[in-house]
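Both backbone and side-chain heavy atoms feed into the values below; hydrogens, waters and symmetry mates do not. Numbered from 1 within each chain, the chains take letters A, B, ... in sequence-line order.
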2 protein chains.
Amino acid sequence: MRLSRIIGARSGGATAQAVSRLREAERRRSLRSSRGREEIARAAAGLRGHFEVDALVRAVRARGGRASRATVYRTLPLLVEAGILEPAVASRRKGQYETAVGRSHHDHLVCAHCHEVVEFSFEAFEILQREVAARHGFELIGHLHELVGICRDCRQETLPHGDD
Amino acid sequence: MRLSRIIGARSGGATAQAVSRLREAERRRSLRSSRGREEIARAAAGLRGHFEVDALVRAVRARGGRASRATVYRTLPLLVEAGILEPAVASRRKGQYETAVGRSHHDHLVCAHCHEVVEFSFEAFEILQREVAARHGFELIGHLHELVGICRDCRQETLPHGDD
DNA sequence: CTAAGTGCAAAAAGTTTGCACTTGG
DNA sequence: CCAAGTGCAAACTTTTTGCACTTAG
């Protein structure tokens, strides 16, 4: 048993989990288990925060891997399906992802005005989500949950009658 | 309250509401209220389902408006901020939106394998969302909530041998 | 009048694809 | 061995921008 898992480290545990999820997804789709995809999955598991595709490509290379941008793009859907990555901050429409293994899940609250992003997590959402998925016969892999609003600062700053 | 609202019509009510929300957002940002933006807001309020930017451009023209693609792109963030549109089915990464006025809200359940999209709505989510937003001092405008999973058909089709 | 708004077309970003070369099973 | 996987670069699609013209306030 991995101690790193218990203490919540994002070291070997997350990577091992990512690889195992990848294998599972590959089996599901009857795909070969290739060196490239594994490199990408490992690199993805090691990233934190929000990142775009190019950053993932660079991460693979930084680990000595050799993934091309094309291969990463071709692999992304599988990583999402495998539950290794999930799309993040979609309202930026920029192809951003975040790692779904080795860290507790959180959602986003985004200011439509200044684009500040606040992370939050709320157990109740997760429970309801599982319920909805089950009700429709889906096996839940992940989710994208983003609340769009106007933050306190922007409301005050932009209302003519508000103070400054 | 408006009868049109009660019977869920997407007639004049939604358009009027869209224009009023637009005015409010323009005031907030100290922008002029232009003919173009209003045309776009009206057209947006009239669309239903998921649509991409180009469809909105065409919708404006179909109503006799004259918005260019550039203007629509420049206006989109304001429409989202105004609560007239919200991003939809982000995992497709394609710039899809849907109207946020004049219809009851729903979220999406997407199959990561076959990309089938099931709509669902669950009052409990809305309540919790408002609570989270308030807790962080945000005025909630809208949200993007997408559950990613594997639908029943895809699980059966790809798992000749169930295991876990 | 003058700064914001707009259209057009060109440019930039982001993503997909054809093809020839590898590689896993 | 041979179909799946990969890299590269070209093709595509989507979004942003510069500039000259128009319009709201």
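The shortest side-chain heavy-atom distance between B:Phe51 and B:Thr99 falls under the 4.5 Å cut-off. Residues A:Leu147 and B:Gln129 form a side-chain contact, since some pair of their non-hydrogen atoms from C-beta on lies under 4.5 Å apart. B:Asp107 places none of its side-chain heavy atoms less than 4.5 Å from the side chain of B:Phe122.
Atom C1' of nucleotide D:dT13 and atom CG of B:Asp54 are separated by 11 Å, given to the nearest angstrom. Taking atom CZ of B:Arg74 as the reference point, atom P of D:dT14 lies 19 Å away to the nearest angstrom. The CG atom of B:Leu31 sits 11 Å away from the P atom of D:dG25 (whole-angstrom rounding). Here D:dT6 presents its C1' atom at 15 Å from CG of A:Leu76, a figure rounded to the nearest Å. Rounding to whole angstrom units, CD of residue B:Glu52 and C1' of D:dT14 are separated by 10 Å. Going from atom CZ of A:Arg29 over to atom C1' of D:dG5 covers 15 Å, rounded to whole Å. Separating the CD atom of A:Gln96 from the P atom of D:dT15 is a distance of 15 Å, rounded to the nearest angstrom. Between the P atom of C:dG7 and the CD atom of B:Glu39 lies a distance of 10 Å, rounded to the nearest Å.
Considering only residues two or more places apart in sequence or on other chains, B:Arg130 meets the side-chain contact (heavy atoms from CB on, under 4.5 Å) condition with B:Glu126, B:Leu140. The side-chain contact (heavy atoms from CB on, under 4.5 Å) test applied to A:Leu31 returns A:Glu26, A:Arg29, A:Arg37, A:Leu78, not counting sequence neighbours. Evaluation of the side-chain contact (heavy atoms from CB on, under 4.5 Å) rule for A:Ser20 yields no partner, not counting sequence neighbours. Judged as a side-chain contact (heavy atoms from CB on, under 4.5 Å), and not counting sequence neighbours, the contacts of A:Glu119 are A:His50, A:His106, A:His108. Checked against salt bridge (charged side-chain N to carboxylate O under 4.0 Å, His left out), A:Arg21 has no partners two or more places apart in sequence or in another chain.
DNA chain C is contacted by B:Arg66, B:Ala67, B:Ser68 of residues 55-69 of chain B, taking any non-hydrogen atom closer than 4.0 Å.
Taking 4.0 angstrom as the limit, A:Thr71 places none of its side-chain polar atoms (N or O) nearer than this to OP1 or OP2 of D:dG5. Neither OP1 nor OP2 of C:dT16 sits under 4.0 Å from any side-chain N or O of A:Tyr73. Of the side-chain N and O atoms in A:Arg37, one or more sit less than 4.0 angstrom from OP1 or OP2 of D:dG5. Side-chain N/O atoms of A:Ser33 include one lying less than 4.0 angstrom from OP1 or OP2 on C:dG25. Applying the 4.0 Å criterion to OP1 and OP2 of C:dT23, one finds that A:Ser34 has every side-chain N and O outside that range.
Mapping B:Ala70 and B:Arg32 onto DNA chain D by nearest heavy atom places B:Ala70 closer to the 5' end of the strand. Place A:Gly36 and B:Arg35 on DNA chain D by their nearest nucleotides, and A:Gly36 ends up nearer the 5' end.
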For residues 54-61 of chain B, tabulate all N or O donor-acceptor pairs below 3.5 Å that involve a side-chain atom, not counting sequence neighbours.
from, atom 1, to, atom 2, distance (Å)
B:Asp54, OD1, B:Arg69, NE, 2.6
B:Asp54, OD1, B:Arg69, NH2, 3.1
B:Arg61, NE, B:Ala67, O, 3.4
B:Arg61, NH2, B:Ala67, O, 3.2

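Applying the 4.5 Å side-chain rule to ILVMFWY residues, one finds that B:Val19 remains a lone member of its cluster.
Inter-axis angle, ends of the helix from C:dC1-D:dG25 to C:dG25-D:dC1, five pairs per end, rounded to 10 degrees: 40°.
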